[in-house]
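Here's the structure, in structure tokens; my notes come after.
All chains are named by letter (A, B, ...) in the order of the sequence lines, taking the proteins before the strands, and each is independently numbered beginning at 1.
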Amino acid sequence: MASTIFRTFKVHLFPLYPPSLLKITNGVLFFTTTQQSQTQQHHQNPQKQTKKVSASASATSTQSKKLDKIPKDYEPIIGIETHVQLSTLTKAFCSCPYNYGSHPNTTICPICMGLPGALPVLNSKVIDFAVKLGLALNCRLAFNSKFDRKQYFYPDLPKGYQISQFDVPIASGGYLDVDIPVEFGGGHKRFGITRVHMEEDAGKLMHTEIGNYSQVDLNRAGVPLLEIVSEPDMRNGIEAAEYAAELQRLVRYLGVSNGNMQEGSLRCDVNVSVRPIGQSKFGTKVEVKNLNSFASMGRAIDFEISRQVQLYSQGQDDQIVQETRLWDEGTQRTITMRKKEGLADYRYFPEPDLPAVIISQEYVDNIQNSLPELPEIKRRRYEKMGLSMQDVLFLTNDKNVAEFFDATVAKGADAKLVANWIMSDIAAFMKNEKLSINEIKLAPEELSQLIASIKGGIISGKIGKEILFELLSKGGTVKGLIEEKDLVQIVDPLEIQKFVDKVIAENPKQLEQYRGGKTKLQGYFAGQVMKLSKGKANPGLLNKILLEKLNSKS
Amino acid sequence: MKMLSTLQTPRSLSRFSLLLPSAVTTTTSSHFSSNSLPHASLSDQSTAVPPQSQILSIRHSLLSRQVTAVDLAQSYLTRLRLTEPQLHSFLHIPDDSAVLAEARELDRRIDGGEEVGPLAGVFVAVKDNICTADMPSTAGSRILQGYRPPFDATAVKRVKELGGIIVGKTNLDEFGMGSTTEGSAFQVTSNPWDVSRVPGGSSGGSAAAVSARQCVVSLGSDTGGSVRQPASFCGVVGLKPTYGRVSRFGLMAYASSLDAIGCFGSSVADAGILLNAIAGHDKFDATSSKQDVPNFLPHFVSESSLGSKPLKGLRVGLIRETIDDGVDSGVISAIREAALHFEELGCSVNEVSLPSFSLGLPAYYILASSESSSNLSRYDGIRYGNQVFADELDSLYGNSRAQGFGSEVKMRILMGTYALSAGYYDAYYKRAQQVRTIIRNSFKEALNQNDILISPAAPSAAYKIGAKKNDPLAMYAGDIMTVNVNLAGLPALVLPCGFVDDGPAGLPVGLQMIGAAFDEGELLRVGHIFEQTLNKFRFVPPIVADSIA
Ligand SMILES: [Zn+2]
């Protein structure tokens, strides 16, 4: 069906550019086109510009010297609009599934294609998810809200309007608490949330490799989104990136979205303006798009701030215009995508195909009671357990890691020790093997057992690590492995003494050298003894006995 | 030919209304073919017999095997072919072979003793803005020329499930925007009572098809009167159900908050049986109601079983504003006659005033245009329908829409776009919504004091083709009787109640009966009694007799 219905067409993305720039002649898309044109138009010395940016971008925490001056004279104002794609089984208004990366136009139906006569029917999960996020963001909920139509023409928008919410969003007036990592200065920040509303996603345009045509993939059309609008409370790239990261954490904790930025499940558009300190009026705000990671978000904002400050300080603040700029990862700068000529008129009006969205206090209470422990509350709890902020942030970053930690601690293990194991060897293993904590074979009770076995002296720390890797990759129990491999630590001094004696007897030359003053050889002897004991000798006892023997004049 | 005459008007056998005259098997056939043909001349009306349900007659004669579905189909197809060149009711008629195959299959099932649905063998015409998977669906618009939907509208699906045979797609004003059917991009439909006149609109094709017995019943759509006004012009029964009573899924949206799929029949019973078939909640339309659909059949009792005052105690309110200046005197006297008839049936008839009545028209045109400007955005030439190729996107959009839409559609899109624009929204759209609330409330009040409200269905009978073509305001004014009902979301039944003396055989006048929300049952009960007792008139247009003679 798709092949007969979908047409190719030529896209006119940049109506402000001269026609010569409009030819899309290859698959490098419009980004290339605009980037080149912008480079010529706005930056007389692109080489120099690039250098400066990459310097600041390569070290986000220690910003370039130029940027250091900013806070003294200018105040940046940053607000963020985030689109979160909901992980419902079906789309917002039809029963099509959505799987990222599916073959184009394979998960579509008359409804999400906007065929004549098709009508939307709301997937009630969308409201569940919106209320969940609204509550988690400490928002006021609208018990009687509605959907509206936002109207504009674009080939990825099949109906010619987007079903969205206009004047009565489902949630508004909340906030989000964030802990800034120590390496970025630390501290606790609260950012305001203006509103959360429900809407549907559009399809995607695909620009063909050959020919001047574009094609439409409607797989994504009608996928439910929550748009979260922040107050303009952020003051630098780090705060903005941490806000977005916390939002990602939150939607993942709540299970409402996979929050994947690369797949576009979490998309941030950032509004940046700058004003001289003391000025009450906001500066002209510029929208920055195409931010595919938190790192690029931070860098893009810092670049944009410095660009605007530079224009200000050169008396050229009139060149800061209301526009949408794209972050270009390659050159590490923002470039003009389109200038906004006045406000777009979307001619919103209430969606007549959908009844009002009415929710009850009981419904909200049920959802409130079903909410998991949220990151902020978890962080405060871990803090009280005596963990460092670094540990706290690491453990709470991933809900599953936090759950693993909690389960291990619940089995009686010491929190700090559990944190250390998770953050060092277990994290390294997961990274190497590209596994998530749910995919490793180690169970929390076994980690707890392992820690107890080391603490109780049954096995050495070294053997503990060996067992850990066995447990991580193959599973099993600590007890079973210790028995199976005969790994119980040797703590009998007489037995250790036998190993020591044997090693000393077999290495007369080294013994002579040692006694001649080359005491560094102690390590060599210790290694040989450990090897002989198959690693089971208690290291403390071993060293004690070894030293006695080496230093005795017998 | 014998089949034709007997099928179309078994009027002389009204007492045995469930029995189709068995022209095929009995010796009395000559009697029917010679003098039971209807002639709608005004002089002949004293002998009129009230219309009977064709659906029930067909069911009886099929199940009793007095007639086969194939014979039945052939007789309708023959009449359709004979009348269509004069009327142009249809935009698409499937091959006879497809229809006959369905009929044969039905005969096989009846012969095999299988259960068949209540609409088995019933010829149903469908307005072309209602999606049918096996036939083109164009909404009368160039921009959808040749478009075939991949699905059936829910109403069509239900008709098919109950055994109905879709006989074709009927002509309409483009996307339902118009009151004459002249706004079709493809053809002009004629009124079966006088082919030089319009059949009304926008469901003019569906009304004309039932009037000329090209089908048994038909589906239309009513956004501001598009079922009721053509029913009035063509002398048939038109039923606009309560908003949400019938699923809109598959109806190409004009104004979503006003659109309703409606029914045409040559009797109140047929319109009611068709409504029974298509009504009810649909999971594909979030605005469809979960209210139970009662069985309307018990309402359709025979005339002989009615007492002398069958509507005793019924309070009928005649809306004063609808029999005022600007309404044809012939129409007013027909409605007054109808009011007298109600009194004869035992009703108390009082005039009621709806002061907000005149506000309905401007509010309707603002709301309907606003919604249509949005609903028609999807016709952009990108995914389906006619695309005018262009070098860049804006021209592709512009040219596809400029060439795809007719002038009336463009005008309404422009009006609606304007009304929704920033700075005008409050003055137009929002204000119109407030008016809508006022109208809804005033109807509610009037229906607290009255069981039903009555009015003309249109301020005039059918006018000449071309008469209002270049005067949109005059055409819009013709919707004064009907738009308020859509704004209030109420059900309304239009049935022929008299004639004005015009045209070759007189022109029918329709009476509109407005009921409380979801009270179609009461409208059908009252309408049926009114119809069965109104034995002064017959509403069969001359073209049917002419085409057979
Ligand atoms: Zn779909």
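- Looking at A:Tyr152 and B:Ser377, their side chains never come closer than 4.5 Å, going by heavy atoms from C-beta outward.
- Taking non-hydrogen atoms and a 4.5 Å limit, the residue list of residues 244-251 of chain B in contact with chain A, ordered by number, reads B:Arg248, B:Phe249, B:Gly250, B:Leu251.
- Considering every non-hydrogen atom in both A:Val121 and B:Ala286, the closest pair reads CG2-N, 3.9 Å.
- When the candidates A:Pro120, A:Gly160, A:Gly114, A:Ser95 are compared by the number of heavy-atom contacts under 4.5 Å with chain B, A:Gly114 comes out ahead.
- Residues of residues 409-431 of chain B lying under 4.5 angstrom from chain A, judged on non-hydrogen atoms, are B:Thr417, B:Leu420, B:Ser421, B:Ala422, B:Tyr425, B:Tyr429 by number.
- Side chains of B:Pro149 and A:Pro116 form no contact here, defined as non-hydrogen atoms less than 4.5 Å apart.
- The local environment of NZ in A:Lys146 is crowded, with over 12 non-hydrogen atoms from other residues, nucleotides or ligands closer than 6.0 Å.
- With a threshold of 4.5 angstrom between heavy atoms, A:Tyr348 approaches chain B through N, CA, C or O but not through any side-chain atom.
- When side chains are defined from C-beta on, B:Arg383 counts as touching A:Pro158, because their heavy atoms get closer than 4.5 Å.
- Contacts of B:Asn375 with chain A are made by both backbone and side-chain atoms, with heavy-atom separations under 4.5 Å.
- Remark: B:Asp394 CG to A:Phe153 CZ distance equals 10.0 Å, nearest 0.5 Å.
- Using a 4.5 Å cut-off between heavy atoms, A:Asp345 touches chain B through its side chain atoms alone.
- With a threshold of 4.5 angstrom between heavy atoms, A:Leu122 does not approach chain B through any atom at all.
- Considering every non-hydrogen atom in both B:Tyr243 and A:Pro352, the closest pair reads OH-O, 4.1 Å.
- For the side-chain contact (heavy atoms from CB on, under 4.5 Å) test with B:Ser374, the passing option among A:Lys159, A:Arg149, A:Glu351 is A:Arg149; the others fail.
- Contact of B:Phe175 with chain A is not made at all, since no heavy-atom distance falls under 4.5 Å.
- In terms of non-hydrogen atom pairs under 4.5 Å with chain A, the most contact-rich of B:Gln433, B:Met252, B:Arg378 is B:Arg378.
- Residue A:Lys285 places its NZ atom among 12 or fewer non-hydrogen atoms of other residues, nucleotides or ligands, all under 6.0 Å distant.
- The two atoms that bring A:Leu119 and B:Phe284 nearest to each other are CB-O, 3.6 Å, heavy atoms only.
- Using a 4.5 Å heavy-atom cutoff, the side chains of A:Met113 and B:Tyr384 are not in contact.
- Expressed to the nearest 0.5 Å, how far CG of B:Leu367 lies from CZ of A:Phe349 amounts to 10.0 Å.
- Heavy atoms of B:Arg401 lying under 4.5 Å from chain A belong exclusively to its side chain.
- The distance from the OG atom of B:Ser373 to the CD atom of A:Gln151 is 5.5 Å, given to the nearest 0.5 Å.
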| request: With side-chain contact (heavy atoms from CB on, under 4.5 Å) as the test, would you mind laying out the steps for A:Val216 and B:Ile382 before giving the verdict? | output: CA-CA 9 Å; A:Val216 193; B:Ile382 301 286; 4.3 Å; yes
